[in-house]
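Here's the structure we're looking at; comments come further down.
In this text the structure is predicted, and so the values were computed from the model without any measurement. Position 1 is the first residue of the sequence, and the numbers go up from there.
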Amino acid sequence: SGTCKLLHLMKWSRPEIANAVRELSKFMSGAGSAHLKAMYRVMNYCLNTPNRGKLLKPTRKCKDIAAHEFELDGYSDSDFAKDPIKRRSVSGYSVFLEGCPISTKSRMQRSTTLSVTEAELYAATECGQDLMFAMWILESMGLKVKKPMVLNIDNQGCIDLINSWSAGGRTRHMDTKMYYLRELKEQEPPLVVPKYIPGPLNVSDPFTKNVDGATFQK
């Protein structure tokens, strides 16, 4: 029940605990003393940092809602082959509306990827899907969305694959996911464009792994 409470907290107000809670949720049955200790550690962190959490503070003000183009952008990251049993990778991504986090995710990928680049592409595709969903919601309300939406990725190989139609022997099996992001990029006007961002500046980095204290604090 403690992990369930943390899942609720993670979803609605404390996204920074997503990676820890994802790990805890793998041991809902058969948990040992080490898992209980880890759960208490996450709980103590939440109790000792009550002023942290989602901050809904838009970066711009809307003067005319009918003419305003809302900005959506995403950040994706992955950790390669983290699971010691199935060798699955972890996806982490965030979607922001006018600088406010509206969607955050940390979860094990549903299939086994064969390289770091493929794992990054998997996470980027999931983030791209969330960007499109947010765009459709806004447009269904009669609001405008600024295009193209920017998808920030900290893996240059992943960006090169999205921008290129070539596929070699090591990437041929990844066509489906590549085509989805390529088609979004090549719409007129483009719906999503990939942009490189250094790892330390990627806000989704802590959703995929246990980072150092300075990175987590930032």
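Counting heavy atoms from C-beta outward, Asp154 and Glu120 have side chains that approach closer than 4.5 Å. Between Phe207 and Lys105 there is no side-chain heavy-atom pair separated by less than 4.5 Å. You'll find the side chain of Lys218 stays beyond 4.5 Å of the side chain of Asp212, heavy atoms only. At a threshold of 4.5 Å between non-hydrogen side-chain atoms, the residues Glu126 and Ser76 do not count as touching. Ile162 is not listed as a side-chain neighbour of Leu184, based on a closest heavy-atom distance of 4.5 Å or more. Side-chain contact between His35 and Lys26 is absent, with no heavy atoms from C-beta onward closer than 4.5 Å. Proximity of Asp77 to Lys209: side-chain heavy atoms (C-beta onward) are separated by under 4.5 Å at one or more points. At least one side-chain heavy atom of Ile65 sits less than 4.5 Å from a side-chain heavy atom of Leu143.
One side chain, Ser94 or Ser204, offers a donor N or O that lies under 3.5 Å from an acceptor on the other. Side-chain atoms of Asn210 and Asn19 form a donor-acceptor pair, as typed in the model, at a separation below 3.5 Å. Ser78 and Ser89 share no donor-acceptor pair across their side chains, judged by distance under 3.5 Å alone.
In this structure, Leu181 and Gly128 approach most closely via the heavy-atom pair CD2-CA, 4.4 Å. Between Arg110 and Tyr122, the shortest heavy-atom contact is N-OH, 3.1 Å. Closest heavy-atom contact between Pro194 and Asn163: CG-OD1, 3.7 Å.
Judged purely by atom type and a 3.5 angstrom limit, Lys82 uses its side chain to pair as donor or acceptor with the backbone of Thr208. At least one donor-acceptor pair closer than 3.5 Å links the side chain of Glu98 to the backbone N or O of Glu71.
Hydrophobic clustering keeps Ile197 apart from Val116 (ILVMFWY residues linked when any side-chain heavy atoms are closer than 4.5 Å, directly or through intermediates). Taking hydrophobic clusters as Ile, Leu, Val, Met, Phe, Trp and Tyr residues chained together by side-chain heavy-atom distances below 4.5 Å, Leu151 shares a cluster with Leu97.
Between Lys147 and Glu139, at least one side-chain N (NZ, or NE/NH1/NH2) sits under 4.0 Å from a carboxylate O, which counts as a salt bridge. Using a 4.0 Å cut-off between a side-chain N of Lys or Arg and a carboxylate O of Asp or Glu, Lys144 and Glu69 do not qualify as a salt bridge.
Using a 30° and 60° split on the angle between ring planes, Trp12 and His8 fall in the tilted class, from 30° to 60°.
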